[in-house]
Amino acid sequence: MGLAQREDNVCLVTSHGSKYREHGIGDGHPAHALGRTTNLKWADYLYNTFKVPETTQYWNFGRDGCTIDWEIVRPRLDISGSLDQQLDEFFELFTAKGHVEWAGESSLFTLFMGINDMLMPSAETRHFLLFTLSPLEEAPKYSLPSEIGHNISDILAVSTPMYNRALKTAVHRFEDVNDGSNVFLFDWDNMYRLIVAHPEVYGFTECKRYKMSKDGQPVDLGSAGFCWWDNSHMTWSIAQLIARGVHNLLLRHSSSFWQSEETENALVG
């Protein structure tokens, strides 16, 4: 979860599968996200494409298969843990003096909930980025009759919008009771519904299937314009699109955008 950046821009924090307790925090410049254009997570693209890696630090406490709360949904593997464990790791490693220098006003903390799945108004954190849930019933795991989750697709079609409405209400309430907090809500739900309705407008070819071969060999599904690389995880092409959307959301609400001088054809900071 998060980037830390030494400029007047937001800074983020996020990564997948990192084991900071065992291997240390590092310098906030993960090698796996540098110099690559494919097969990355959305936050990797936000870091290496839309930010300046030399002046931006980036960490990700996300773990594959993690759930929000063990009491609600137990993770498939104990090592995946839960959201509260990720927060504990952050407090232990990032609030201890000398580990990492960061400031609440220049750091952005983000939560992105996936299929298997709140805020943290302490430790001087001030800026948050949350995502609405995409329509889970559109994932192949639930939409395709042959898949294991097809029998609950109707339930998801009702419960996902309920969650998103509750999230939007909670965001306003959170800001009201936490002076100085700033919450960005990225509407991934509506964006993905538009992609499904008009895939070629967004550069996609297939948003239901998740397998393709040519001359007997599998192809890169992201390059082929597929939305899904398995029955429940999206391709790197979708991740790039999310990163672009998030970047533009943050830019649209940044002080550098609103404090610019306008001309007929330009914004001048």
Side-chain angles (χ1 to χ4, degrees), residues 14-19 30-50 53 58 60 62-67 73 75-77 79-80 112-117 131-157 159-160 186-248:
T14 121
S15 247
H16 290 261
S18 300
K19 298 180 179 179
H32 80 272
L34 297 173
R36 291 179 57 188
T37 58
T38 63
N39 298 313
L40 294 174
K41 307 294 187 180
W42 74 268
D44 297 332
Y45 287 118
L46 186 59
Y47 167 67
N48 77 6
T49 303
F50 297 102
Y58 164 64
N60 189 332
R63 297 197 196 106
D64 294 338
C66 174
T67 61
V73 179
R76 183 172 58 87
L77 299 174
I79 194 173
S80 296
F112 187 110
M113 301 302 177
I115 281 176
N116 53 311
D117 303 275
F131 293 74
T132 57
L133 281 176
S134 64
L136 300 183
E137 71 276 8
E138 294 289 347
K141 182 177 182 178
Y142 306 111
S143 66
L144 299 181
S146 61
E147 294 288 336
I148 189 172
H150 185 66
N151 62 326
I152 65 168
S153 60
D154 290 343
I155 296 174
L156 291 175
S159 59
T160 302
F186 185 79
D187 196 351
W188 178 221
D189 173 47
N190 278 329
M191 185 174 180
Y192 189 69
R193 292 183 190 276
L194 287 171
I195 293 171
V196 171
H198 310 284
E200 292 187 357
V201 173
Y202 292 89
F204 294 94
T205 58
E206 177 61 58
C207 290
K208 292 293 184 184
R209 300 176 182 85
Y210 57 91
K211 295 180 181 179
M212 181 180 179
S213 61
K214 183 177 181 180
D215 299 328
Q217 298 296 318
V219 303
D220 184 314
L221 297 179
S223 297
F226 276 53
C227 293
W228 300 89
W229 68 266
D230 67 9
N231 69 357
S232 55
H233 295 89
M234 293 181 173
T235 62
W236 59 263
S237 292
I238 287 284
Q240 284 184 330
L241 194 65
I242 294 174
R244 181 179 299 278
V246 168
H247 169 71
N248 291 337

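Basis for what follows: all heavy atoms, side chains included, without hydrogens, waters or symmetry-related copies.
- Listed by chain and number, the residues in a side-chain contact (heavy atoms from CB on, under 4.5 Å) with L34 are Y47, P53 (sequence neighbours excluded).
- With sequence neighbours excluded, no residue satisfies side-chain hydrogen bond (donor to acceptor under 3.5 Å, both in side chains) with N248.
- Looking at residues two or more places apart in sequence or on another chain, you find no side-chain hydrogen bond (donor to acceptor under 3.5 Å, both in side chains) involving N48.
- Residues that satisfy the side-chain contact (heavy atoms from CB on, under 4.5 Å) test with D220, not counting sequence neighbours, are N39, S223, W236.
- Pairs of residues two or more places apart, or lying in two chains, that qualify as disulfide (SG to SG under 2.5 Å) and include a residue from residues 201-238 are C207-C227.
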F131 and V246: side chain to side chain contact (heavy atoms under 4.5 Å, CB included), yes or no, with the steps?
-> CA-CA 10 Å; F131 293 74; V246 168; 3.7 Å; yes
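- The shortest heavy-atom contact between L133 and D189 is O-CB, 3.0 Å.
- Pairs engaging residues 31-40 under the salt bridge (charged side-chain N to carboxylate O under 4.0 Å, His left out) rule: none recorded [sequence neighbours left out].
- At least one donor-acceptor pair closer than 3.5 Å links the side chain of T205 to the backbone N or O of A224.
- Side-chain contact between H32 and L40: present, with at least one pair of heavy atoms (C-beta onward) separated by less than 4.5 Å.
- Separation of atoms OH (Y202) and CG (L194) is listed at 4.0 Å; rounding is to 0.5 Å.
- Between the CD1 atom in I152 and the OG atom in S159 there is a gap of 8.0 Å [rounded to 0.5 Å].
- Taking the ring pair (Phe, Tyr, Trp, His ring centres under 6.0 Å) definition, one finds that Y192 meets it with W188, sequence neighbours left out.
- Between W228 and L221 the shortest side-chain heavy-atom distance does not fall below 4.5 Å.
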Can you give me every donor-acceptor pair (side chain of residues 209-219, partner residue at least two apart or in another chain, under 3.5 Å) with its distance?
unit_1: R209; atom_1: NH1; unit_2: E206; atom_2: OE1; d: 2.8
unit_1: Y210; atom_1: OH; unit_2: E147; atom_2: OE2; d: 2.5

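- By the 4.5 Å heavy-atom criterion applied to side chains, M234 and W42 are not counted as neighbours.
- Atom CD1 in I195 sits 11.0 Å away from atom CG in N190 (nearest 0.5 Å).
- Residues E137 and S153 approach most closely at CB-O, 3.6 Å, considering heavy atoms.
- Applying the ring pair (Phe, Tyr, Trp, His ring centres under 6.0 Å) rule to F204 yields no partners; only residues at least two apart in sequence or on another chain are considered.
- For E138, the side-chain hydrogen bond (donor to acceptor under 3.5 Å, both in side chains) partners two or more places apart in sequence, or in a different chain, are K208.
- Taking each heavy atom of D44 and Y58 in turn, the nearest pair found is OD1-OH, 2.6 Å.
- Counting heavy-atom neighbours within 6.0 Å of I148 CD1, excluding the residue itself, gives a total of 12 or less.
- Looking at residues two or more places apart in sequence or on another chain, you find a ring pair (Phe, Tyr, Trp, His ring centres under 6.0 Å) between H247 and F50.
- Remark: D154 engages no residue in a side-chain contact (heavy atoms from CB on, under 4.5 Å) (not counting sequence neighbours).
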